[in-house]
Enquirer: 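Sharing a structure here in structure tokens format.
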Amino acid sequence: MELSFYQKKLHDEIVEPMLEYRREVGKDSGYGLFQILQCRNILRDYLKRLNRLRNQSEGAVLCEVKRTVLRLNKLNDKTEGCLIETDARESIWELIQTAAIDCGLKLSDEEEDITSEWREW
């Protein structure tokens, strides 16, 4: 897994758009810089943990997916669902899923959403 590729994707497709939206609407966004950084840190942690799992089982990869999704659920709940909205939802799901596949997770259907079982956002 190319960690730097996913970290750049995290910054460009998730963190920057959240920051931009926050700059545009201010407090009406329902979240602040702290929550954006928490989201970034949760996803960075996920990527680092996956990077260490390179030769592990699909079960180990899915365990990291579940752990990350549950952490994101809690964070999003603290913002009353404002942090992870439609655009962010798609970008986060894609990052989680493509990184898991890159680490060896096999899907019978490429359209399958591996986060849906635990995701509340």
Enquirer: To the nearest 0.5 Å, how far apart are CG in Asp113 and CD1 in Ile96?
Expert: 9.0 Å

Enquirer: Roughly how far, to the nearest 0.5 Å, is CD of Glu16 from CG of Leu10?
Expert: 11.0 Å

Enquirer: Is it the case that atom CG in Asp87 sees more than 12 heavy atoms from other parts of the structure closer than 6.0 Å?
Expert: no

Enquirer: Measuring from Ile42:CD1 to Leu37:CG, what's the distance to the nearest 0.5 Å?
Expert: 11.0 Å

Enquirer: Side-chain heavy atoms nearer than 4.5 Å, only ILVMFWY residues, links allowed to pass through others: does that put Leu43 and Leu33 together?
Expert: yes

Enquirer: List for me each residue that meets side-chain contact (heavy atoms from CB on, under 4.5 Å) alongside Ser91, sequence neighbours excluded, and say none if there are none.
Expert: Glu13, Ile14

Enquirer: Given 3.5 Å as the limit, does a donor-acceptor pair link the side chain of Asn76 with the main chain of Glu120, or not?
Expert: no

Enquirer: Which heavy atom of Trp121 sits nearest to which heavy atom of Ile84, and what is that distance?
Expert: CE3-CG2, 3.5 Å

Enquirer: Checking side chain to side chain contact (heavy atoms under 4.5 Å, CB included) between Phe5 and each of Gln7, Met1, Glu2, which is the one that passes?
Expert: Glu2

Enquirer: Rounded at 0.5 Å granularity, tell me how far SG in Cys103 sits from CG in Leu50.
Expert: 4.5 Å

Enquirer: Around atom CD of Glu20, are there more than 12 heavy atoms from other residues, nucleotides or ligands closer than 6.0 Å?
Expert: yes

Enquirer: Let me confirm one number: the SG-OH distance from Cys82 to Tyr31, rounded to the nearest 0.5 Å.
Expert: 8.5 Å

Enquirer: If you compare all heavy atoms of Tyr46 against all heavy atoms of Ala99, which two are closest, and at what distance to 0.1 Å?
Expert: CE2-CB, 4.1 Å

Enquirer: Given the rule in the side-chain contact (heavy atoms from CB on, under 4.5 Å) test, do Trp93 and Arg89 qualify, once you have shown the distances and angles that lead to the verdict?
Expert: CA-CA 6 Å; Trp93 165 78; Arg89 181 181 307 119; 5.6 Å; no

Enquirer: I'd like to check the side-chain contact (heavy atoms from CB on, under 4.5 Å) partners of Glu58; sequence neighbours left out, ordered by chain and number.
Expert: Leu105, Lys106

Enquirer: Decide yes or no for Gln97 and Leu107: does some side-chain heavy atom of the first lie under 4.5 Å from some side-chain heavy atom of the second?
Expert: yes

Enquirer: Is there any side-chain hydrogen bond (donor to acceptor under 3.5 Å, both in side chains) pair reaching into residues 63-72, and which pairs are they, with sequence neighbours excluded?
Expert: Asp45-Arg67, Asp45-Arg71

Enquirer: Say whether, by atom type as modelled, one donor and one acceptor occur between the side chain of Glu90 and the main chain of Glu85 under 3.5 angstrom.
Expert: no

Enquirer: Can any side-chain N or O of Gln35 pair as donor or acceptor with the backbone N or O of Gly32 at less than 3.5 Å?
Expert: yes

Enquirer: Are the side chain of Arg40 and the backbone N or O of His11 linked by a donor-acceptor pair below 3.5 Å?
Expert: no

Enquirer: Minimum heavy-atom separation for Pro17 to Asp12, with atom names?
Expert: CD-O, 3.4 Å

Enquirer: Which heavy atom of Gly30 sits nearest a heavy atom of Thr79, and at what distance?
Expert: O-CB, 3.6 Å

Enquirer: Would you check if there is a donor-acceptor pair between the side chains of Asp102 and Tyr6 at a distance under 3.5 Å?
Expert: yes

Enquirer: Transitively linked via ILVMFWY side-chain contacts under 4.5 Å: Leu83 with Val25?
Expert: yes

Enquirer: Mind checking the CG-CZ spacing from Asn41 to Arg44? Nearest 0.5 Å is all I need.
Expert: 6.5 Å

Enquirer: Please find the pair of heavy atoms, one from Leu53 and one from Ala60, that lie closest to each other, and give the distance.
Expert: CD1-O, 3.7 Å

